[in-house]
Each structure stands twice: as structure tokens, then as C-alpha cells.
Amino acid sequence: MLALAFVASLSATASSAQSSGFVVEDAYAAVSAGDIAAAVEFLTEDAMFAVVPASSRMTAPALVGREEIGAWWTGTHADGGRVEFADLRMDGDRATFTCLYYGNKLESLGVSPAEFDGVAILRDGRIRVLVWSYSAEYEPRLKAALAKLSQ
């Protein structure tokens, strides 16, 4: 009986880790589909989102709460934004990943897709903290394109 309880416990743990591991991807699938209301349901009420270095679209170093992040995601959808995730690794309530972001603005600059390293901290299966950092290889390409644009 104890062995059965142990196996059931392992199964529940693996199941919740798998479910939590896809929450960021599920949120961005909803964003790409234009269902921002569904996307923000993947966030905690006090969620925080940041892009490092900050995007010109960001009104602050970090966006806080469903309303601010939802407004950002509305802009992402309007830009034709779509995300491909890879290298997802879960460690408890912490996920790390890499992703490619495709969007019309970056395409017009000739630097699409953007390459990011990401971290998500989850609470109760929802996104509490989400940070995207331009990859070391991509950031100089973006900065060069933006510099050309401002000339």
C-alpha cells in the first residue's frame, strides 16, 4: 500500500511538472491566436514580465499585473508576433528556455527572428515572473539594426 502511494505521488509530481512546463508556451499560443483574455489567465494576479534590455515598446523596466502584460501581448499580436520555444527545462517551479520571436517590426529591420534566453517562475501552475533576455549572439545584431534606423 505504501509503495502504491509512493508511485501515485511520483505520478502526480511528474504530471504537475509537465503541465507547469508548458504554461509559458500555452500562454504565447493564446497570444498568437489573438486570445489575450485566455493568455492572461496563465498569469498570477501580480505577475511580472521583463525584456532585457528593455524593448522600446515597454513603458517601464518591467510590466506588472495582468492588465499591463495583457496590453503588451495585445501589441505582440498586432505585430504578428509568434514564438517558438526550445530547450525547456523545469526545476520545481522554475523553467528555463530558449525561444525565437518572429514579428513584423523585426522582420522590417531584417533581424527576425529575435533570439531569447528565458526564465519563468511559476506559482500554483501560473506564471509569476517571466524574463526574456536577448541572446548574446542576437543582441549586437539588433543594436546594429536600430542604430542604422536612427541615422
Side-chain angles (χ1 to χ4, degrees), residues 10 13-151:
L10 282 179
T13 302
S15 173
S16 78
Q18 182 179 7
S19 173
S20 295
F22 296 110
V23 68
V24 176
E25 191 169 22
D26 291 344
Y28 276 91
V31 171
S32 294
D35 193 351
I36 307 307
V40 298
E41 288 300 314
F42 291 101
L43 302 170
T44 62
E45 292 290 332
D46 61 347
M48 190 274 304
F49 172 66
V51 176
V52 181
S55 164
S56 60
R57 277 187 37 220
M58 296 196 90
T59 57
L63 304 175
V64 179
R66 289 178 171 178
E67 186 175 326
E68 286 186 14
I69 298 168
W72 170 268
W73 283 348
T74 298
T76 297
H77 177 68
D79 185 47
R82 151 179 95 72
V83 182
E84 292 177 5
F85 291 90
D87 303 322
L88 177 65
R89 295 198 172 99
M90 288 298 301
D91 183 13
D93 283 342
R94 184 175 184 269
T96 58
F97 54 88
T98 59
C99 63
L100 299 176
Y101 172 81
Y102 298 83
N104 297 333
K105 184 176 180 183
L106 294 174
E107 185 67 36
S108 71
L109 292 172
V111 292
S112 186
E115 301 165 8
F116 291 94
D117 297 310
V119 176
I121 298 171
L122 310 176
R123 291 292 181 269
D124 300 322
R126 295 179 191 261
I127 302 164
R128 172 83 187 278
V129 176
L130 182 59
V131 178
W132 289 30
S133 176
Y134 291 106
S135 71
E137 298 80 20
Y138 179 78
E139 190 173 345
R141 289 181 30 222
L142 176 62
K143 286 182 177 179
L146 292 172
K148 283 182 189 176
L149 188 64
S150 65
Q151 293 176 354

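We're numbering straight along the sequence, starting at 1. This structure is a prediction, so every number in the text was calculated from the model and none was measured.
- The salt bridge (Lys or Arg N to Asp or Glu O under 4.0 Å) pairs that include a residue from residues 129-140 are Glu139-Lys143, where partners are two or more places apart or lie in different chains.
- For residues 69-84, the set of pairs meeting the salt bridge (Lys or Arg N to Asp or Glu O under 4.0 Å) definition, not counting sequence neighbours, comprises Arg82-Glu84.
- Looking at residues two or more places apart in sequence or on another chain, you find a ring pair (Phe, Tyr, Trp, His ring centres under 6.0 Å) between Phe116 and Trp132, Tyr134.
- Among residues two or more places apart in sequence or in another chain, the side-chain contact (heavy atoms from CB on, under 4.5 Å) test is passed with Ala120 by Val24, Ala95, Phe97, Leu122, Leu130.
- Applying the side-chain contact (heavy atoms from CB on, under 4.5 Å) test to Ala47 and every residue at least two apart in sequence or in another chain returns Leu43, Thr44, Ile69.
- Residue pairs that meet the salt bridge (Lys or Arg N to Asp or Glu O under 4.0 Å) test with at least one member in residues 107-123, sequence neighbours left out, are Glu115-Arg141.
- Qualifying side-chain contact (heavy atoms from CB on, under 4.5 Å) partners for Ala38, counting only residues two or more places apart in sequence or in other chains: Ala30, Asp35.
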Side-chain atoms of residues 55-64: list all donor-acceptor pairs with protein atoms under 3.5 Å, sequence neighbours left out, distances to 0.1 Å.
unit_1	atom_1	unit_2	atom_2	d
Ser55	OG	Arg57	N	3.1
Ser56	OG	Lys105	NZ	3.4
Arg57	NH2	Trp72	O	2.6

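- For Thr98, the side-chain hydrogen bond (donor to acceptor under 3.5 Å, both in side chains) partners two or more places apart in sequence, or in a different chain, are Asp87.
- Residues satisfying the side-chain hydrogen bond (donor to acceptor under 3.5 Å, both in side chains) test with Glu41, not counting sequence neighbours, are none.
- Shown here are the side-chain hydrogen bond (donor to acceptor under 3.5 Å, both in side chains) partners of Glu67, two or more places apart in sequence or in another chain: there are none.
- Residues passing the side-chain contact (heavy atoms from CB on, under 4.5 Å) test with Thr74, sequence neighbours excluded: Ile36.
- A heavy-atom distance below 4.5 Å is found between the side chains of Met48 and Val131.
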